[in-house]
Amino acid sequence: MMNYDFRDIEAKWQKYWAENETFKAINDSDKPKFYALSMFPYPSGAGLHVGHPLGYIATDIYSRYKRHKGFNVLHPMGYDSFGLPAEQYAIQTGQHPAITTENNIKRYREQLDRLGFSFDWSREVRTSNPGYYKWTQWIFIQLFNSWYNKSSDKAEAIEGLVSIFEKEGNATVEAVCDEDTPNFGAAEWNAFSEKEKQAILLKYRLTYLADTEVNWCPALGTVLANDEIVNGVSERGGHPVIRKKMTQWSMRITAYAQRLLDGLNKIDWPQPLKDSQTNWIGRSEGASVTFNVIPNEGVTLSAVEKSDTIEVFTTRPDTIFGVSFMTLAPEHDLVAKITTPEQKAEVEAYVEATAKRSERDRMADVKTISGVFTGAYAEHPFTKEPVPIWIGDYVLASYGTGAVMAVPCGDQRDYDFAKHYNIPIPNIFEGVDISEEAFADKETTIIANSDFLNGLSYKEATKKVIAELEKIGHGVGKVNYRLRDAVFSRQRYWGEPFPVYYVDGMPQMIDLEHLPLELPEVEKYLPTETGEPPLGNATTWAWDAKNNKVVSNDLVTLSAVEGSDKGDEMLKPRLTDGQEVQHDGHSELDSESHEGVYPLELNTMPGWAGSSQYFNRYMDPRNDEAIFSKEAIDYWQDVDLYIGGSEHATGHLLYSRFWQKFMFDRGYVSKDEYAQKLINQGMITGTSAFIYKDLDSNKVYSKGLKEGKNVIPIHADVSLVNASDELDVEAFKKWLPEYKDAEFILEDGKYIVGREVEKMSKSKYNVVNPDAICEEYGADSLRLYEMFLGPLEQSKPWNTAGITGVHSFLKKLWRLFEVIEDKEPTSDNLKTLHKTIKKVEEDIENFSFNTSVSTFMICVNELTAQKCTSKAIFEQLAILVSPYAPHIAEELWERLGHSESIAEAPFPKFEEKYLVESSKEYPISFNGKMRFKLEFPLDMGKDAIEEAVLAHEKTQEQLQGRTPKKVIVVPGKIVNIVG
RNA sequence: GCCUUGGUGGCGGAACUGGUAGACGCGCUGGAUUCAAAAUCCAGUGUCUUCGGACGUGUGGGUUCGAUUCCCACCCAAGGUACCA
């Protein structure tokens, strides 16, 4: 037999699988279905490193296992191919992101193909393909055409809402909608203009336009994410950043807050991931309470009306008698109105200072206590006492109502604030000392000094106070969520265009039959000079609503723009007086257009748009009539196993659940959770190598000699270091020529590097490329080794040295098949085989792939020792190994005389009878410590064993004359002697 | 701070519902083969030891005949999250 030539074998079978479409899934089969999904990658320019395939290998093993088990398996792969890096590269080089993306995908595909995955490539999707994003745009339109009915607790068609409005106005409608939605009757509705109706409906739609506060950098002309701002200025360029309201598309995900929470109970997802979604949604129960503002005395400028109230949300309404002040967020609408003239200057200065700080900055700085008194007072709803109103930046405008009732005795932040500004701290707790800190333990709370709440526990008091508040019309029990609606607009080029144009300032959807609306070509990928998104650079980006096509911007009606005589001016200066332009992403010139040509939306969709339904699109990816056919979704239903990284916990994995629930509500899918089981594979970290450069000389010390020297560690490329941490000094000098003349101080003739586990990254020179490993050891070795490294979900360091272990296992396996004979297996052969079947099957079901690799090693070692040549044994073994090391398994299967692929060979059946033993080697322990072993038949009784053990000379030796107090015999397990 | 996960030889990691701690592999040591190397094979490898044994799963307690496993308190690490009212 030839040597194990993995290069030929792997190339041969990869070609075979591709040519025979071995892993093509069909949408209709008598077999039970199984849908195994790996999170699709963003095709980055760096290609795959050794950490990426971990999850793919696991999914692939499970998929192949399920095929052996007789399932019709859907195991697709695709690319999340819209994204920032390709756009940034375009900005730098001018190369179109589509080209960059195409090149990167090609590289990814080559790398993936080398690893022998059983993907059904005929179903590949790319989020940046118009044929794919047509359906992303379609979902957007479905969301636009839906509202959330709280009575039925689901999304419904907007037409239904319109017909209610026509008959009875909106008084009876229980909907999730904007806060500022006005009340109207049927007559009023019917009298509204079309534009007014559209404006009202926008407050109900599940995707809607809203003024959202963003970090705006005027100098850069762009919106910045929180982490792009450092110390209040832009990370790039150090320009000032302000908080600004901009009109952006938003998704009403908050409508689904409770269902997203409840759904977690019925899916098998990792606890940490569920916890982080739970925290992110942030449900808190309490009450909404209103305080009336007391009109200022003798104030002219800031006269407060009697109707002005401050609404607060509190989780501790039971402590309402402990309120000694209120705090508003500096951005709160009432601040300007209620501030007294004496406090005006101070308040304005504070508000301005706060606006300069990013929200992240404010939140990070927990220690500084700051705030200003407004001079105004509110009236306590029960005691009618005046309560001073402060502003403070510890109260966030974006959470709750942007106002709190401060109870210093029961909340540490309120306590600290009160101490700092000498505000009284009334104690309303029975027998609690609050001289040092606030008391926040709900469980042991007994309310005191609180009128009708005295003597009550937290629970009783909460119930009673809410009832009282409702009685006097000052509050109501309420559930509040931390989850915010999701901003859906991005000022980027490389993303899905919105299927939206604007008529008279109102968004209009493009009909499905005219989709996809394809990304326009642009000269530059940067925002325009006036700060519009990159699509503002497109010259052919207007919608001809009569002919339903994209046309030149020149054709848009210009009547709205006074003094403008050039078409391409249209999307640029809206104002001629030098005022700042509002960068909404949608043009405001469109107020009156008569020719049927309208401006298109300039924003694009965010990264998570394309990934929120891709798992369903795989079911029927080439369908041009629908996102998927009814037959396809009815057959595949949902994902049975989803494997991917935990970094998507509060992004993709939350948004996609939201979209699935929406699709469920509207009847497109039959499951409201799309992934029954999810596993987060752990990160593979790199093992960096360091040399120690002396700061005072030209010397570089080996690890063991660096003590006491003034050295700094320098990263060395891990490929220059061998398994014993020895550095190839000559190669290092070649790699970093600046060390050409450095003196390397060796220990025992070797230069030993320092090691440290870090995240794999180019800059740390610890990236290990799978291509090189495949070349040297083969894909099967890599697959086995990645699994052998440790539990799938755990993060673990990569160390290439260990791969020789699994590689020599494969060579042993190869050699085991050297002689194949058609003869009866021995009982030892069968025992080894069935032990292995049992363990491997259990391991796969438990995703404990690392231990099955050990099991294979033990199996091959035993069969080799038994000099096994039995074809029957080998056939079963080849199938067992095939999910893990498919190439060698196919080759061996062929050698065993099969002409068909091993892919669907039935999985071996475990039979207990081969493992039955007649005797057991009992561990004999004394006080729980095992000392020696004795063999007894398994059918020997408890008493007989006890007698035999006690009679044994080794037992007497151990006891040294003592009489045992007790003897525990667990038949089949252990004997323990106490005494 | 809070939530979650984890802590076992030189290293990655095994150990089912409490029942022989350290499977399997790497590394290391010695040996065989070889002119030599690679490859391969064999033996050994938790610590200490007076060679009888003693001690050992982050630390300290507890439950138990028996604890890596269960309970309590604490320490450390990783990830998530945060003036959330």
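On a predicted model such as this, the values are computed, not experimentally measured, just so you know. Values below: every heavy atom of this structure, side chains too, minus hydrogens, waters and symmetry copies. Per chain, numbering begins at 1; letters A, B, ... match sequence-line order.
Taking atom P in both B/C75 and B/A21, the straight-line distance is 31 Å, to the nearest Å. A distance of about 23 Å separates the C1' atoms of B/A15 and B/A77, rounded to the whole Å. Between B/C55 and B/C3, the two C1' atoms lie 38 Å apart (nearest whole Å). Comparing the C1' positions of B/G56 and B/U20 gives an interatomic distance of 15 Å, to the nearest angstrom. When the C1' atom is used for both B/C11 and B/U17, the distance is 32 Å, rounded to whole Å. Between B/C71 and B/A82, the distance separating the two C1' atoms is 31 Å to the nearest Å. Between B/G46 and B/U57, the distance separating the two C1' atoms is 11 Å to the nearest Å. B/C70 and B/C16 are spaced 11 Å apart, taking the P atom of each and rounding to whole Å.
When rounded to the nearest whole Å, the span between CG of A/Asn680 and P of B/G80 equals 12 Å. In this entry the distance linking CZ of A/Phe849 with C1' of B/G25 reads 19 Å, nearest Å.
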**Fill in**
Scoring nucleotides 61-71 of chain B by protein non-hydrogen atoms under 4.0 Å (B base, S sugar-phosphate only, - none) yields ----BS-----
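Close to B/A85, at under 4.0 Å from its OP1 or OP2, lies no side-chain N or O of A/Asn480. At B/G13, one or more side-chain N or O atoms of A/Gln794 fall inside 4.0 Å of OP1 or OP2 (strictly under the cut-off). For B/A82, one of the phosphate oxygens OP1 or OP2 lies less than 4.0 angstrom from a side-chain nitrogen or oxygen of A/Arg482. Under 4.0 angstrom from either OP1 or OP2 of B/C84 there lies at least one side-chain N or O belonging to A/Arg413. Proximity of A/Arg931 to the phosphate of B/A54: a side-chain N or O atom is located under 4.0 Å from OP1 or OP2.
Taking the six-membered ring where tryptophan is involved, the planes of A/Phe325 and A/Phe417 are essentially parallel, since the angle between them stays under 30° and well short of 60°. The aromatic rings of A/His648 and A/His652 sit perpendicular to each other, their planes meeting at more than 60°, with 30° as the lower class boundary.
When the nucleotides B/C26, B/C24, B/A85 are ranked by their closest atom to the side chain of A/Ala801, B/C26 comes out on top. Distances from the side chain of A/Ser276 to the nucleotides B/G80, B/A85, B/U20 place B/G80 closest. Taking every side-chain heavy atom of A/Lys973 into account, B/G19 is the closest of B/U4, B/G25, B/G19. When distances run from any side-chain atom of A/Leu396 to the nucleotides B/G13, B/C84, B/C24, the shortest one goes to B/C84. Minimum atom distance to the side chain of A/Arg815 is reached by B/U40, of the listed B/U20, B/A85, B/U40. Among B/A54, B/U20, B/C41, the nucleotide with an atom closest to any side-chain atom of A/Pro923 is B/U20. The side chain of A/Lys796 lies closest to B/G12 when the candidates are B/G12, B/C41, B/A85. When distances run from any side-chain atom of A/Asp275 to the nucleotides B/U4, B/G13, B/G27, the shortest one goes to B/U4.
Residue contacts for A/Thr327: at a heavy-atom cut-off of 4.0 Å it reaches no nucleic acid atom on any strand shown. Residue A/Lys811 is classed as a sugar-phosphate contact, given heavy-atom separations below 4.0 Å to backbone atoms only. Residue A/Arg283 is out of contact with every strand shown, counting any heavy-atom pair closer than 4.0 Å. If you check every strand for non-hydrogen atoms under 4.0 Å, A/Glu842 touches nothing. Note on A/Asn850: only backbone sugar-phosphate atoms sit closer than 4.0 angstrom, heavy atoms only; bases stay farther off. Within 4.0 Å of A/Pro791, counting heavy atoms only, lie sugar-phosphate atoms of the nucleic acid but no base atom. Among the atoms of the strands shown, none is found under 4.0 Å from any heavy atom of A/Thr855. A/Lys838 comes within 4.0 angstrom of nothing in the nucleic acid, heavy atoms only.
Centroid-to-centroid, the aromatic rings of A/Phe6 and A/Tyr777 stay 6.0 Å apart or farther. Checked against the 6.0 Å centroid criterion, the rings of A/Phe291 and A/His474 do not qualify as a close aromatic pair. In this structure, the ring of A/Phe321 has its center less than 6.0 angstrom from the ring center of A/His380.
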**Request:** Quick one: do A/Glu311 and A/Thr401 satisfy side chain to side chain donor-acceptor pair (under 3.5 Å)? Show the steps, please.
**Result:** CA-CA 6 Å; A/Glu311 188 190 347; A/Thr401 59; over 6 Å; no
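Base pairing analysis places B/A39 opposite nothing; no Watson-Crick or G-U wobble pair with both distances below 3.5 Å involves it. Across all strands shown, B/C11 is found opposite B/G25 as a Watson-Crick or G-U wobble partner, with both distances under 3.5 Å. Of all nucleotides present, only B/A77 satisfies the Watson-Crick or G-U wobble test against B/U5, with each distance under 3.5 Å. For B/C16, there is no paired nucleotide, since no Watson-Crick or G-U wobble pair has both relevant distances below 3.5 Å. When Watson-Crick and G-U wobble pairs are counted only if both distances are under 3.5 Å, B/C84 pairs with no nucleotide at all. Across every strand in view, B/G56 sits unpaired, with no contact that passes the Watson-Crick or G-U test at under 3.5 angstrom.
Comparing A/Ser854 and A/Ala403 by the nucleotide of RNA chain B whose heavy atom lies nearest to each, the residue mapping closer to the 5' end is A/Ser854. Between A/Gly402 and A/Trp280, the residue whose closest nucleotide on RNA chain B is further toward the 5' end is A/Trp280.
For A/Lys839 and A/Glu841, the salt-bridge test fails: no basic side-chain N is under 4.0 Å from an acidic carboxylate O. Taking 4.0 Å as the cut-off between side-chain N and carboxylate O, A/Glu917 and A/Lys831 count as a salt-bridged pair. A salt bridge does not link A/Lys838 to A/Glu912: none of the charged side-chain nitrogens sits closer than 4.0 Å to a carboxylate oxygen. Between A/Lys835 and A/Glu862 there is a salt bridge, since at least one side-chain N of the basic residue sits less than 4.0 Å from a carboxylate O of the acidic one.
In this structure, CG in A/Asn850 is found 9.0 Å from CG in A/Leu789, a value given to the nearest 0.5 Å.
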